[in-house]
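To start, the structure itself, in structure tokens.
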There are 2 protein chains.
Amino acid sequence: MAAARNGTRRGPYAKSSHQRDRIIELALDYFGQQGYHGTSMREIARGTGLSQAGLLYHFPTKTDLLTAVLESRDTLPEVAARSAVERAQDPLAGMTAVIVDNASNRQLVQMFTVVSAEATDERHPAHGYFRQRSQIVIALMRAGLEQAVEQGLVRRDLNVDYAARQCQALMYGLQVQWLFDPSTDMVGLFQHLLDGFAVPTPRPPPDAKDSRRAADASGQ
Amino acid sequence: MAAARNGTRRGPYAKSSHQRDRIIELALDYFGQQGYHGTSMREIARGTGLSQAGLLYHFPTKTDLLTAVLESRDTLPEVAARSAVERAQDPLAGMTAVIVDNASNRQLVQMFTVVSAEATDERHPAHGYFRQRSQIVIALMRAGLEQAVEQGLVRRDLNVDYAARQCQALMYGLQVQWLFDPSTDMVGLFQHLLDGFAVPTPRPPPDAKDSRRAADASGQ
DNA sequence: GTCTATATTAAGATAGAC
DNA sequence: GTCTATCTTAATATAGAC
């Protein structure tokens, strides 16, 4: 993947021109702030100091540019998450590490958040990409949680399928909350969820008279 | 609010024409599927059988139409949430009730999800609306949780500020997960979080040898 | 209340010079 | 590798007839 960047190699196997990378960086900002639909190629071209035709030399279509933006940053979080989740001593720390990372990169978070929401539409050029990505992230989370169960870090009766989906959803939702309110403590709030997965600390149950649950529509 | 729909009253105090409502309904679908930026007024006009100028009679600008779409549906979930959370016997059931509702209205969920993500940009016409809305939802959740604490439904030591933010974020994230994968059990996954808030059931701790937590970047 | 016609601006994309 | 110039289509919006 990310091999054969067509038509832009300088040397025999130069993978990416300087310009190409500059354009991708700027496009990431624009797509993040205004969305894919809300951003024009002219706008990006202007930002890079190129003419629109000059931009189109590097990325013949708008979709090509979006794909390049997605690919350029997909390696980082994906690999980071994979390695962190799978090989960290504490697999749960791998998840929080991803969030710590995100908290220092607003542009990236905003791009993935906004474009993935747009990509909810089946006709969006990145629809397939984000649907698949969602599955992958959930699977990575489940793997980390299973490992945590084995290591005795979380309750043995934890439903890892549910917990993994919760982690993915919470991570996403916290990012949006944080984008609207940068004072949001994404890391702490996520950690709070993980704490709920932990083996119960020997705390005396303060009042166990009525532990019923809202027993309604759980079946939807 | 929602009084004085300017220029479209038939009778002396008719609040909304039939056409107006039809347009709003269709715009909700379009904005949901393609986003605000990705949808044109011509498109919506075509969908209603009007010409573009005909549409502009009812909504002079695109922003006016977005505002109307937002207002038209804001009453429903807001009031529903407020009443459900505040006056239900079990305040937690009020939250799940909202999700049950959402699970049967994809168009609505998609519109709020996609447009709010777009509105992350400060220049987006609905930016202020969604930033405020986020705060309101969190506050409603906190109110419900506080009530639940009083009723002994959840742990006394629960951090309601954290929990409320978690609820809002999870609800949002689950909606996106569900939009990409309609088999997602939003209700069950949300309920699972609430279960974690409950007073601990008297379950014997299976293995309490090592209950340390990932003690890293919680301070970000 | 809805139309046709039009103004203006901008979109994505191509051709071909340099 | 980048430009100017241009094509084609479509965007928001207005004017004014019916």
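Order of the sequence lines fixes the chain letters, A, B, ..., with proteins taken first and strands second; residue numbering starts at 1 for each chain. Keep in mind it's a predicted model, so treat the numbers as computed, not measured.
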- prompt: Starting at CD1 of I44(B) and ending at P of dA11(D), how long is that distance when rounded to a whole Å?
  reply: 11 Å
field: Phosphate contact (dG1(C) OP1 or OP2) by H18(B) side-chain N/O below 4.0 Å
entry: no
message: Quick one about R22(B) and Q19(B) (side-chain donor to acceptor, distance below 3.5 Å, no hydrogens or angles considered), yes or no?
response: yes
Between C1' of dA10(D) and CD of E43(B), the distance in whole Å: 11 Å
message: Once you apply a heavy-atom cut-off of 4.0 Å, does G49(A) come out as touching a base, just sugar-phosphate, or nothing?
response: sugar-phosphate
field: Presence of Y57(A) side-chain N/O under 4.0 Å of dT2(D) phosphate oxygens OP1/OP2
entry: no
message: Please determine whether a side-chain nitrogen or oxygen atom of S51(B) lies at a distance below 4.0 Å from atom OP1 or OP2 of dC3(C).
response: yes
query: Rounding to a whole Å, what distance do you find between R46(B):CZ and dC3(C):C1'?
result: 17 Å
field: Contact letters for nucleotides 12-18 of chain C, in which S counts primed atoms plus P, OP1 and OP2 and B counts the base, heavy atoms under 4.0 Å
entry: BBBB---
statement: Between Y129(A) and the options T67(A), D74(A), V115(A), the side-chain contact (heavy atoms from CB on, under 4.5 Å) test singles out D74(A)
d(CZ, F59(B); P, dG1(C)) in whole Å: 12 Å
field: Where M186(B) and W178(B) come nearest, the two heavy atoms and their spacing
entry: CE-CD2, 3.6 Å
message: With ring pair (Phe, Tyr, Trp, His ring centres under 6.0 Å) as the rule and sequence neighbours excluded, what pairs involving residues 23-55 of chain A come up?
response: F31(A)-Y36(A), Y36(A)-H124(A), H37(A)-H124(A)
message: On a heavy-atom basis, which atom in F197(A) and which in C167(A) lie closest, and how many Å separate them?
response: CE1-SG, 3.9 Å
- request: Take S116(B) and Y172(B) through the side chain to side chain donor-acceptor pair (under 3.5 Å) test and state the conclusion after the steps.
  value: CA-CA 10 Å; S116(B) 72; Y172(B) 190 97; 2.9 Å; yes
